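Down below is the structure, laid out as structure tokens.
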Number of protein chains: 2
Amino acid sequence: MDTTQRTDQQRSADRRRRELLEAADRVVLRDGPGASMNAIAAEAGITKPILYRHFGDKGGLYAALATRHTDALLDSLRAALDAPAERRERVEATLDTYLSAIEARPQVYRFLMHPAEGTPGDQGFDVGKHSAPLLRRMGEELAQVIGERLDLGPDSRQLARVWGHGIVGMMHAAGDWWLGERPCSRAELVGSLADLLWGRLAAAGDKVGGPGF
Amino acid sequence: MDTTQRTDQQRSADRRRRELLEAADRVVLRDGPGASMNAIAAEAGITKPILYRHFGDKGGLYAALATRHTDALLDSLRAALDAPAERRERVEATLDTYLSAIEARPQVYRFLMHPAEGTPGDQGFDVGKHSAPLLRRMGEELAQVIGERLDLGPDSRQLARVWGHGIVGMMHAAGDWWLGERPCSRAELVGSLADLLWGRLAAAGDKVGGPGF
DNA sequence: ACGTGCGTGTTACTTACGGTAACATCGAGT
DNA sequence: ACTCGATGTTACCGTAAGTAACACGCACGT
């Protein structure tokens, strides 16, 4: 039958694709985002053109790779976000989940945040499209949760999106800096960020001697 | 005299360096961060090896370029941050200054945020060093202002640094998203972000029907 | 006046990588 | 036996980073 034949072939192709992705994963995690297609092909035991047949170009391969990791991380975050607990606890759990993930696998994290490394067909600026897909997806996801659950008055949807992307950016930048310098424990970082979101910046008193920030 | 001779030469070299940087600036702003060294050299009316003599490698040139723009932006931000006004107004002015800058010159912004594009000597992950220098510098700068002016109790310095990087990341991610989708006016974005920093997330009521975020 | 440096500039090359064309092989269905 | 399609190969192209090696010009000490 035509359909079963197609299914077999497709299944085989999918399996192969997964194998190639796993090989690519190993190489990228070992050599960084600048890993060459030759290196990836060698790790998979094949040569370049096969990679290109499966993924089109380097961007395609990297997009497939990023999607896998991004999906996994987003699943964890969703779980933390949906846990049955008070709002503050859930915010802290989500922050901690994200920070644990980047702490446990910094290479994956770096790859996801800087996927556009060796793509020379980069002309035309396209500002707005260049941000790491992970950040955008996390932002939209959080925006949806906020919009669904919080009563923010009129403009609720727009406010939720601004906050979603803003909070994700806060988490990302603070996490990036923390991962590099390790100035405090993860728990302290989580607490400090939650405090920031809880308005301690506005509530803090000026220091003696001048107008506060 | 030896010293005056050296000074003359150095002065001439510095002038040349500035000219080359300006040419590089034009090309990078026109062609994006993927601009080739050949193109930059051609714009400057010379050939590649001279660029390499002045800047070592592409990374050196880009670092010099980024420093120029970063310094300029940081000066603007410092001015907004130091303006004589209430805290909320100053926060809004700073956000607006940043957003105006990235809105006015998106190419510069993209270049500053994604400077590591064609640097194959990228091996070894060095997580923590990879973030855009602009973000780090803005974060440290803001941390310093916060630490100087706000009374945050014990751990003041550390809290200030977390917040500095966190707020900068919030501004960056929200700005990046906003620049791509333009979902609202700049003033609305500024207001929404300031509201977030002012604790409206914690204060918001749950939507009817379930526990809030 | 004459070499001696030294900064400025060039051409021509190497190396590495993304991407592609053309050819070889093997297994399944007619 | 023959075709078709997927899998695989070698060999190549274009481009871009980075590097000799060589050439000019100009101030200097003698």
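Atom set for the values below is all heavy atoms of this structure, side chains included, hydrogens, waters and symmetry mates excluded. Just so it is clear, the structure is predicted and the values come from calculations on it, not from any experiment. We name chains A, B, ... by the order of the sequence lines, and we start the count at 1 in each one.
Among the protein residues, Ala35(B) comes within range of the sugar-phosphate backbone only, with heavy atoms under 4.0 Å from sugar or phosphate atoms but none that close to a base.
Atoms CD1 (Ile50(B)) and P (dG9(C)) sit 4 Å apart, rounded to a whole Å. A straight line from CG of Asn38(A) to C1' of dG18(C) spans 9 Å, rounded to a whole angstrom. Atom CD1 in Ile40(B) sits roughly 14 Å away from atom C1' in dG18(D) (whole-Å rounding). Spacing between atom OH of Tyr52(B) and atom C1' of dA16(D) amounts to 8 Å, rounded to whole angstrom units. Atom CZ in Arg16(A) sits about 8 Å away from atom C1' in dT7(D), given to the nearest Å. The CG-P distance, from Leu51(A) to dG8(D), rounds to 10 Å in whole Å. If you measure from atom CG of Asp14(A) to atom P of dA6(D), you get 13 Å, rounded to the nearest angstrom. In this structure, the CZ atom of Phe55(A) is 15 Å from the P atom of dT20(C), given to the nearest Å.
Relative to the side chain of Thr47(A), the nucleotides dG18(C), dT10(D), dA17(D) differ in distance, and dT10(D) lies closest. Between dG8(D), dA16(D), dG19(C), one nucleotide has an atom nearer to the side chain of Ile46(A) than all others, and that is dG8(D). Side-chain atoms of Lys48(A) lie closest to dG19(C) of the nucleotides dT9(D), dA17(D), dG19(C). Of the candidates dG8(D), dT20(C), dT10(C), the closest approach to any side-chain atom of Pro49(A) belongs to dT20(C). The nucleotide whose nearest atom lies closest to any side-chain atom of Ser36(B) is, among dA17(D), dG18(C), dG8(D), dA17(D). The side chain of Arg53(B) has dT8(C) as its nearest neighbour among dG18(D), dT10(C), dT8(C).
Side-chain atoms of Lys58(B) stay outside donor-acceptor range of the base of dG18(D), with no qualifying N/O pair under 3.5 Å.
A distance of 10.0 Å separates CZ in Arg53(B) from CD1 in Ile46(B), rounded to the nearest 0.5 Å.
Summarising the geometry of Leu150(A) relative to Ala204(B), their closest heavy-atom pair is CD2-CB, 3.8 Å, with the distance given to 0.1 Å.
Residues Leu61(B) and Leu20(B) form no side-chain contact, since every pair of their non-hydrogen atoms from C-beta on lies 4.5 Å or further apart.
In this structure, Arg161(A) fails the cation-pi test against Trp163(A), since its NZ or CZ atom is not both closer than 6.0 Å to the six-membered ring centre and inside 45 degrees of the ring normal.
For Tyr62(B) and Phe111(B), the ring centers are positioned less than 6.0 Å apart.
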